[in-house]
Amino acid sequence: MAANIELDLSKFIRLLEKTPEAVYRGGKRGLHDAMDDWLAESCDVAPIAPKGGNLRKQLATKVDAKTLTGEIRGNAVEYSPGYGRFNYGYWLHEGEGQSTKLSTPDTTHKFLDKPAQEHQKDWLRHIESEMEKEAEREGW
């Protein structure tokens, strides 16, 4: 005598179909959180020019929702009698400003790199956690 086993996989299939969207939502939220944190940390360690905090005000992040990539920029265009208009942020971070003694305590020339080096693993864990939470909400 033959026996048949029938499996109803419809719930599982629906779950599989929802998973990419859920993981994407979690990844996007986690990436935005990480970029916000990177911006805050960079602002905290960015040097303050004698004229004020123009560099800190000009720090900005951008997230590409299609590719789930983020970037941070530290451009601050200043005018100097000796140089004219120049990008103070780039000059400090990458250029000749490396030899400049910073007047603000607890700041660094590498105001974008330092937070990234210190927190990159935490940010990746947070993004993964947000993806997992979103998958769990869908039933995983």
Side-chain angles (χ1 to χ4, degrees):
M1 171 156 79
N4 289 333
I5 298 175
E6 289 187 33
L7 296 174
D8 181 5
L9 297 176
S10 59
K11 285 183 182 179
F12 179 69
I13 291 169
R14 278 194 302 274
L15 187 59
L16 284 176
E17 289 170 348
K18 291 183 193 177
T19 300
E21 293 169 10
V23 170
Y24 170 80
R25 280 192 311 270
K28 183 178 170 186
R29 184 176 47 254
L31 180 59
H32 275 282
D33 292 346
M35 295 306 297
D36 289 345
D37 192 50
W38 192 359
L39 178 61
E41 294 284 336
S42 293
C43 283
D44 287 346
V45 297
I48 299 175
K51 296 179 186 176
N54 187 37
L55 176 57
R56 290 183 178 193
K57 292 175 192 167
Q58 298 301 319
L59 291 175
T61 60
K62 181 180 175 184
V63 172
D64 184 334
K66 266 187 167 179
T67 60
L68 287 186
T69 56
E71 66 181 52
I72 187 166
R73 295 180 183 171
N75 297 321
V77 177
E78 296 279 347
Y79 178 80
S80 169
Y83 297 101
R85 289 174 47 90
F86 75 105
N87 186 335
Y88 176 71
Y90 181 83
W91 180 78
L92 271 176
H93 197 273
E94 301 294 331
E96 296 173 27
Q98 291 292 307
S99 63
T100 302
K101 184 174 180 339
L102 301 176
S103 59
T104 309
D106 301 320
T107 61
T108 178
H109 293 91
K110 296 293 187 179
F111 51 91
L112 301 177
D113 296 347
K114 185 179 180 194
Q117 291 165 350
E118 291 176 358
H119 300 286
Q120 185 177 18
K121 289 179 183 176
D122 297 330
W123 295 333
L124 289 173
R125 276 194 296 271
H126 176 72
I127 293 168
E128 291 170 356
S129 172
E130 289 299 315
M131 295 166 88
E132 288 172 5
K133 286 178 193 173
E134 205 55 47
E136 286 172 6
R137 285 185 192 107
E138 291 296 336
W140 286 101

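The analysis underlying the following values was restricted to heavy atoms, covering all of them including side chains, and did not include hydrogens, waters or symmetry mates.
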With a 4.5 Å heavy-atom cut-off, do Glu41 and Val45 have their side chains touching? no
Which heavy atom of Gly27 sits nearest to which heavy atom of Met131, and what is that distance? N-CG, 3.3 Å
Shortest non-hydrogen contact from Lys114 toward Thr108: CD-CG2, 3.9 Å
Pair Arg137 + Glu134, salt bridge at N-O below 4.0 Å: yes
The criterion is salt bridge (Lys or Arg N to Asp or Glu O under 4.0 Å); which residues satisfy it with Glu130, sequence neighbours excluded? Arg29, Lys133
Which pairs with one or both residues in residues 57-68 pass salt bridge (Lys or Arg N to Asp or Glu O under 4.0 Å), sequence neighbours excluded? none
Please find the pair of heavy atoms, one from Ala34 and one from Ile127, that lie closest to each other, and give the distance. CB-CD1, 4.3 Å
Tell me the closest heavy-atom pair linking Asn54 and Ala76, and the distance in Å. ND2-CB, 3.9 Å
More than 12 non-hydrogen atoms from neighbouring residues, nucleotides or ligands closer than 6.0 Å to CD on Glu118, yes or no? yes
Are any of the side-chain heavy atoms of Val77 and Tyr90 separated by less than 4.5 Å? no
If we ignore angles and hydrogens, is there a donor and acceptor under 3.5 Å between the side chains of Asp33 and His126? yes
What one should report as the nearest heavy-atom pair of Gly74 and Leu112 is N-CD1, 4.1 Å
If you look only at pairs with a residue in residues 18-45, which of them pass as a ring pair (Phe, Tyr, Trp, His ring centres under 6.0 Å), with sequence neighbours excluded? Trp38-Trp123
Which distance, rounded to the nearest 0.5 Å, do you find between the CZ of Phe111 and the CG of Leu55? 4.5 Å
Nearest 0.5 Å, please: how far is CD1 in Ile72 from SG in Cys43? 7.0 Å
Crowding at CD, Glu71 (>12 non-hydrogen neighbours, <6.0 Å): yes
CG of Asp113 to OG of Ser42, rounded to nearest 0.5 Å, is 8.5 Å
Dump the intermediate steps for side chain to side chain contact (heavy atoms under 4.5 Å, CB included) on His93 and Lys110, then the final yes or no. CA-CA 5 Å; His93 197 273; Lys110 296 293 187 179; 3.8 Å; yes
Measure across Met35 and Thr61 and return the closest heavy-atom pair with its distance rounded to 0.1 Å. O-CG2, 3.5 Å
Quick check for you: to the nearest 0.5 Å, what is the distance between Arg73 atom CZ and Gln58 atom CD? 12.0 Å
Is Leu92 close to Tyr88 at the side-chain level, that is, under 4.5 Å between some pair of heavy atoms? yes
A side-chain contact here means heavy atoms from C-beta on lying under 4.5 Å apart; do Thr19 and Glu138 qualify? no
To the nearest 0.5 Å, tell me how far Asp44 CG sits from Thr107 OG1. 11.0 Å
